[in-house]
J.: 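Before we start, here is the structure in question, set down as structure tokens.
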Amino acid sequence: MEQCQLQTNIREDLRKKLEEIRQRVEEVMKIMNGQQGCMLCEIKSIRESAGKLEGLISYYHFQSSLMPYVEELDEIAKAVAALSEKGHGALIVVEKNDLLDSLIGTCSMTGILIGAKISAPLLQSIFYPGNPLHDGAVIIRKGQIVAAGCVLPLSAQKYTSERHKIGTRHRAALGLSERTDALVIVVSEETGQISFAKDGVLHPIDVQLCTKLQQSEVNHADSEQS
Ligand SMILES: Nc1ncnc2c1ncn2[C@@H]1O[C@H](COP(=O)(O)OP(=O)(O)OP(=O)(O)O)[C@@H](O)[C@H]1O
């Protein structure tokens, strides 16, 4: 994982969530030692808190791995948060050092060249259901949406590490991330879950939570300045 400096409020939130988990683990230990209580309920809470923690850390990891390659991270985050809220499926590839020409336009039988500046409204319209380009992946290179409707190689993996069965959109994200250093963002049409695939691993992320946190960081900085 890249070295990253955590924003103060994100670090605070991580600390709170870890503390919540620690307290729950202590409760489970007490129940094991004879104290009255519901062990299953405590375990369920630990799982929920760990899931939230994973979503937050994943988002931070997502941000820090993309920052050197795209300046318009906020536009991408806004677009995926909106797509997730509306239940519109999406697949967005951010090219890093490995060139993805073989997937794009003239070098491929699929994919339509676009060549437009990255913007949240454009990404949302591309993945609007029924739009001729909504199937397949968008490819982002150096601040531009270079192509849409691109077909990615599928991974042979059919399950995530939690043994959840995954469909072809997620397998396409994994497939490209297994073969190149690209980071691939997926929004599930079925669940609205936002994930990213990197180095052959799929990580769920909590964009809404982090958007709120970033907003409160900006407000906090503004109020400190005034
Ligand atoms: N090889 C591929 N390259 C790019 N996009 C693909 C590829 N295979 C499937 N897709 C996209 O995924 C869509 C089908 O998603 P499917 O429901 O099978 O997968 P899923 O992982 O369960 O996703 P969701 O959670 O959104 O339903 C297709 O309509 C297409 O847009």
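Only a predicted model underlies this, so the values are computations on that prediction, with no experimental measurement involved. In each ligand, atom 1 is the first atom listed, and ligand 1 is the first ligand listed.
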J.: May I ask you to list the atoms of ligand 1 that are less than 4.0 angstrom from any heavy atom of Leu91?
T.: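 Answer for ligand 1: 4 (C), 5 (N).
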J.: Looking at Glu27 and Lys30, is any side-chain nitrogen of the basic one under 4.0 Å from a carboxylate oxygen of the acidic one?
T.: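 Result for this pair is yes, salt bridge flagged.
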J.: As an exercise, identify every atom of ligand 1 less than 4.0 angstrom from a heavy atom of Gly136.
T.: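 Near Gly136, meaning under 4.0 Å from one of its heavy atoms, ligand 1 has 4 (C), 5 (N), 30 (C), 31 (O).
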J.: Show the numbers, then the answer: is there a salt bridge (Lys or Arg N to Asp or Glu O under 4.0 Å) between Lys44 and Glu48?
T.: CA-CA 6 Å; Lys44 189 164 182 269; Glu48 284 166 4; 3.4 Å; yes
J.: Heavy-atom pairs closer than 4.0 Å: do any link ligand 1 to the side chain of Thr191, the backbone, both, or neither?
T.: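 No part of Thr191 comes within reach of ligand 1.
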J.: Name the closest protein heavy atom to atom 14 (C) of ligand 1, giving the residue it belongs to and the distance to 0.1 Å.
T.: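 For atom 14 (C) of ligand 1, the nearest protein heavy atom comes out as Thr168 OG1, 3.6 Å.
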J.: Starting from atom 3 (N) of ligand 1, locate the nearest protein heavy atom and write down its residue, its atom name and how far away it is, to 0.1 Å.
T.: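 For this ligand atom, the closest protein heavy atom is Leu152 N, 2.9 Å.
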J.: Fit a plane to each ring of Tyr128 and His88, take the angle between them on a 0 to 90° scale, and name the class: parallel (under 30°), tilted (30 to 60°) or perpendicular (over 60°).
T.: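 Rings of Tyr128 and His88: perpendicular, as their planes differ by over 60°.
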J.: Output the distance between atom CD1 (Ile140) and atom CG (Leu100), rounded to the nearest 0.5 Å.
T.: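 Ile140 atom CD1 to Leu100 atom CG measures 11.5 Å (nearest 0.5 Å).
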J.: Where is the tightest heavy-atom contact between Leu91 and Arg169, given as atom of each residue plus distance?
T.: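 For Leu91 versus Arg169, the nearest heavy atoms are CD1-O, 3.7 Å.
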J.: To the nearest 0.1 Å, how far is atom 10 (N) of ligand 1 from its closest protein heavy atom, and which atom is that?
T.: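 In this structure, atom 10 (N) of ligand 1 has Arg169 CA, 4.3 Å as its nearest protein heavy atom.
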J.: I'd like to check which ligand 1 atoms, numbered from 1 as shown, lie under 4.0 Å from a non-hydrogen atom of Gly167.
T.: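 What qualifies from ligand 1 is 19 (O), 20 (P), 21 (O), 22 (O).
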J.: How about Glu190: does its CD atom have over 12 heavy atoms from other parts shown lying under 6.0 Å from it?
T.: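 Not more than 12 within 6.0 Å, no.
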J.: Just to confirm, does any protein heavy atom lie below 4.0 Å from atom 17 (O) of ligand 1?
T.: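 Answer no: nothing from the protein, no heavy atom, is under 4.0 Å.
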J.: Return the CG to CG distance between Asp181 and Asp98, rounded to the nearest 0.5 Å.
T.: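 If we round to the nearest 0.5 Å, Asp181:CG and Asp98:CG are 4.0 Å apart.
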J.: Is the shortest N/O to N/O distance between Ile166 and ligand 1 below 3.5 Å?
T.: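 Between Ile166 and ligand 1 (N or O atoms, distance only) the closest approach is not under 3.5 Å.
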J.: Does Gly175 come within less than 4.0 angstrom of ligand 1, counting non-hydrogen atoms of the residue?
T.: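 So Gly175 does not count as touching ligand 1.
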J.: For ligand 1, which atoms, with element, lie under 4.0 Å from some heavy atom of Ser188?
T.: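 Counting from 1, the qualifying ligand atoms are 24 (P), 25 (O), 26 (O).
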J.: Regarding Arg22 and Glu26, does a basic nitrogen lie under 4.0 Å from an acidic carboxylate oxygen?
T.: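 Here Arg22 pairs with Glu26 in a salt bridge, since their nearest N and O are under 4.0 Å apart.
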J.: Which protein heavy atom lies closest to atom 26 (O) of ligand 1, and at what distance to 0.1 Å?
T.: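 That would be Glu189 N, 2.6 Å.
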J.: List the closest protein heavy-atom neighbour of atom 30 (C) of ligand 1: residue, atom name, distance to the nearest 0.1 Å.
T.: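 Answer for atom 30 (C) of ligand 1: Asp135 OD1, 3.3 Å.
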J.: For the backbone of Gly175 and the side chain of Arg179, can you confirm whether one donor and one acceptor N or O come within less than 3.5 Å of each other?
T.: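 Answer holds: yes.
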J.: Should Ala137 be counted as touching ligand 1, given the test is an N or O pair under 3.5 Å?
T.: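 By distance alone, the answer is no.
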J.: Can you tell me which residue and heavy atom of the protein come closest to atom 7 (C) of ligand 1, and the distance to 0.1 Å?
T.: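 Looking only at protein heavy atoms, the one closest to atom 7 (C) of ligand 1 is Ala172 CB, 3.9 Å.
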J.: Decide, yes or no, whether a salt bridge links Arg15 with Glu12 under the criterion of side-chain N to carboxylate O below 4.0 Å.
T.: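 A salt bridge is present here (some side-chain N lies under 4.0 Å from a carboxylate O).
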J.: Which residue owns the protein heavy atom closest to atom 21 (O) of ligand 1, what's the atom, and how far is it?
T.: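 Answer for atom 21 (O) of ligand 1: His170 ND1, 2.6 Å.
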J.: Minimum distance, heavy atoms only, to atom 27 (O) of ligand 1: which one of His134, Gln193, Glu190 is it?
T.: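 Looking at heavy atoms only, Glu190 sits closest to atom 27 (O) of ligand 1.
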J.: What distance separates Ser188 OG from Leu83 CG, expressed to the nearest 0.5 Å?
T.: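 Reported to 0.5 Å precision, the distance equals 12.0 Å.
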J.: Please write down residue, atom name and distance for the protein heavy atom closest to atom 4 (C) of ligand 1.
T.: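 Heavy-atom neighbour on the protein nearest atom 4 (C) of ligand 1: Cys150 O, 3.4 Å.
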J.: Can you tell me if Leu154 contacts ligand 1 (heavy atom of the residue under 4.0 Å from the ligand)?
T.: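 Distance cut 4.0 Å: Leu154 passes for ligand 1.
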J.: Whether Glu75 and Lys78 form a salt bridge (side-chain N of Lys/Arg under 4.0 Å from carboxylate O of Asp/Glu) is what I want to check.
T.: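 Yes, this pair counts.
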J.: Counting both backbone and side chain atoms, is some N or O of Gly89 under 3.5 Å from an N or O of ligand 1?
T.: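 No; the residue has no nitrogen or oxygen that sits under 3.5 Å from a nitrogen or oxygen of the ligand.
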